[in-house]
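Being a predicted model, the structure only gives us computed values, none of them experimental. Values below: all heavy atoms of this structure, side chains included; hydrogens, waters and symmetry mates excluded.
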Amino acid sequence: MARFPDSSSRSRTKVLDAPEVAELNRTDQPTKGTGIVSFSGHETFTLRHGWLKKAVDGIRANPRLFADEDAMVDLGVGKNMVRSIRHWALATDMLQEFPNTRGAELGTTTFGDLIFGSHGRDPFLEDLSTLWLLHWKLATNERRSTGWCWMFNLLRTDEFTRDSLAELFQVELKRRNIAGPSSSSLGRDIDCALRTYLGTRAKADLLEENLECPLVELQLITVDPEGVLFRFNRGPKPSVSDEVFLYCLLEFWDSRTSGDTLSFSDIAFEARGPGAVFKLDENSTASRLERLDHLTGGKYIYDETSGLKQVYRHKKIEKDSVLEHYYESSLTSIGDGNAA
């Protein structure tokens, strides 16, 4: 039985002086005038192997890395890729902006340190669970990866086209009274989001493996031979460990309510919930919730009596401890296997 410590608060209190970094703010901040959505920042590059590790290592050595003129030399990439690396590191919750610095100074997050820090648990992205976590971060970060978030959470059908996705985004922008990007900019963002999960490799245009986004391995989306009709692969997702599912459930819970109950329908169907983000079917979601009692030592229990399907929280668990436990157990299993 897993032993997770109770929840405890952690916060960063460092406040730095504000330098002038106008170009950085112009290229990576959310869409002008909204502050809550963004269809830019990635420079049309999908996330690549090694980029997040570079970002975490670089910021640990120099919090102003992405604002310095030597960033291209330090990271070994061009100017646009520097911006893209910064974007992906923020969108996947590896890095965070320090207050009052206008984005010039960054720090690592607890999640970033866990995966890529000096004692990082999965620095080479060898564990599929880590990739699922990166997907979770992108698909729930509306502010920095709006296209990814809306694609997985607003679509009410498993089949879609680029045009239907663009129409959905435009309707949502209009509903919120947000002046969105141009049609061409929106199209580039959608294309980048799709390439994140499908890659760019074709029979006549093979690319190097390290140019593909690692999230292609999740096989979340397929496309027909004509490249027109896309489809989410809905199902149980056995490569999502129960601990990773629990971590995401706790993060969703914190964003949803401070109460001690959460309904099955919210978990399975609501935007930015585990069911929507991982494209789980109902039975698979229920099966995972039924295992919460054993996984958490009775702190979280799923119950369907009295016609209500709900998860009950008896004692709050700190979400970061769930991932710590998962990676410790994973490393132990790998070590045992090698020893044998």
Side-chain angles (χ1 to χ4, degrees), residues 46-47 91-93 125 127-142 144-169 172 189-199 212-224 227-253 255-256 262-292 302 309 311 319 322-323 326:
T46 60
L47 174 65
T92 56
D93 192 32
L125 298 180
D127 192 328
L128 272 180
S129 284
T130 306
L131 300 184
W132 283 113
L133 285 166
L134 295 180
H135 163 67
W136 168 264
K137 296 294 186 178
L138 288 178
T140 56
N141 192 344
E142 185 176 59
R144 293 195 180 275
S145 49
T146 307
W148 285 250
C149 182
W150 286 7
M151 181 169 68
F152 280 92
N153 293 286
L154 297 186
L155 277 171
R156 295 303 178 184
T157 175
D158 286 343
E159 293 187 343
F160 59 97
T161 65
R162 283 185 174 87
D163 289 342
S164 66
L165 200 57
E167 182 180 0
L168 175 70
F169 288 5
E172 183 66 13
D189 191 72
I190 289 172
D191 180 65
C192 188
L194 291 171
R195 284 189 287 112
T196 298
Y197 300 96
L198 287 167
E212 297 285 25
C213 178
L215 300 190
V216 170
E217 294 183 47
L218 301 181
Q219 300 180 17
L220 264 170
I221 301 177
T222 57
V223 62
D224 68 6
V228 175
L229 185 63
F230 300 88
R231 183 178 181 85
F232 290 125
N233 290 324
R234 190 174 295 277
K237 307 298 189 300
S239 58
V240 179
S241 69
D242 282 345
E243 288 89 347
V244 165
F245 177 85
L246 174 59
Y247 171 89
C248 297
L249 174 63
L250 296 180
E251 196 162 82
F252 173 64
W253 197 315
S255 71
R256 186 85 179 160
L262 194 62
S263 71
F264 174 83
S265 62
D266 283 351
I267 297 167
F269 306 118
E270 282 299 306
R272 285 177 274 186
V277 170
F278 294 135
K279 297 304 171 191
L280 299 170
D281 56 79
E282 288 187 52
N283 290 337
S284 298
T285 303
S287 294
R288 288 180 178 275
L289 296 179
E290 289 167 357
R291 297 197 289 269
L292 287 178
Y302 177 60
K309 295 182 178 181
V311 176
K319 65 177 183 178
V322 176
L323 290 189
Y326 167 73

Supply the atom-to-atom distance R195 CZ to L215 CG, rounded to the nearest 0.5 angstrom.
13.0 Å

Just by modelled atom types, is the S145 backbone N or O under 3.5 Å from a matching donor or acceptor in the N141 side chain?
no

Apply side chain to side chain contact (heavy atoms under 4.5 Å, CB included) to the pair V216 and T46, showing each step before the final yes or no.
CA-CA 11 Å; V216 170; T46 60; over 6 Å; no

A side-chain contact here means heavy atoms from C-beta on lying under 4.5 Å apart; do V223 and L194 qualify?
no

Let me see the working for R144 and T92 under side chain to side chain contact (heavy atoms under 4.5 Å, CB included), right down to the final yes or no.
CA-CA 9 Å; R144 293 195 180 275; T92 56; over 6 Å; no

With respect to E251, which candidate in R256, R272, K137 satisfies the side-chain hydrogen bond (donor to acceptor under 3.5 Å, both in side chains) definition?
K137

On a heavy-atom basis, the closest approach of W132 and S239 is NE1-OG, 2.8 Å

Nearest 0.5 Å please: distance from the CG atom of L249 over to the CG atom of D242.
11.5 Å

Decide whether S129 and Y326 meet the rule of one side-chain donor and one side-chain acceptor closer than 3.5 Å.
yes

dist T196:OG1 -> M151:CE (nearest 0.5 Å) comes out at 7.0 Å

P274 and L280: which non-hydrogen atoms are nearest, and at how many Å?
O-CD1, 4.0 Å

With sequence neighbours left out, write down each residue that passes ring pair (Phe, Tyr, Trp, His ring centres under 6.0 Å) with Y247, or none if nothing qualifies.
none

Decide yes or no on side chain to side chain contact (heavy atoms under 4.5 Å, CB included) for L323 and L133, but give the supporting numbers first.
CA-CA 10 Å; L323 290 189; L133 285 166; 3.9 Å; yes

Short side-chain donor-acceptor distance under 3.5 Å, S284 and D281:
yes

Geometric class of the F232/F160 ring pair [parallel <30°, tilted 30-60°, perpendicular >60°]
tilted

Would you give the length of the straight line joining atom NZ of K309 to atom CD of E282, rounded to the nearest 0.5 angstrom?
6.5 Å

Under 3.5 Å: donor-acceptor pair, side chain of K279, backbone of F152:
yes

Check L138 against W148 and note the closest heavy-atom contact, atom names and distance.
O-CB, 3.9 Å

Residues at least two apart in sequence or cross-chain that pass ring pair (Phe, Tyr, Trp, His ring centres under 6.0 Å) with Y302, listed by chain then number, are none

Write down the atom of Q219, the atom of N233, and the distance for their closest heavy-atom approach.
O-ND2, 2.7 Å

Sub-4.5 Å side-chain heavy-atom contact between L229 and T161:
yes

When rounded to the nearest 0.5 Å, the distance separating CG of L154 from CG of L168 is 5.5 Å

Indicate the atoms forming the closest heavy-atom contact of V322 with E243, along with that distance.
CG1-O, 3.2 Å

Would the F230 and Y197 ring centres measure less than 6.0 Å apart?
no

Treating N153 as the side-chain partner and A139 as the backbone partner, does any N or O pair qualify as donor plus acceptor under 3.5 Å?
yes

Does the separation of the ring centres of W136 and F278 fall below 6.0 angstrom?
yes

To the nearest 0.5 Å, tell me how far F252 CZ sits from L250 CG.
12.0 Å

What pair of heavy atoms forms the shortest contact from E270 to A276, and how long is it?
O-CB, 3.7 Å

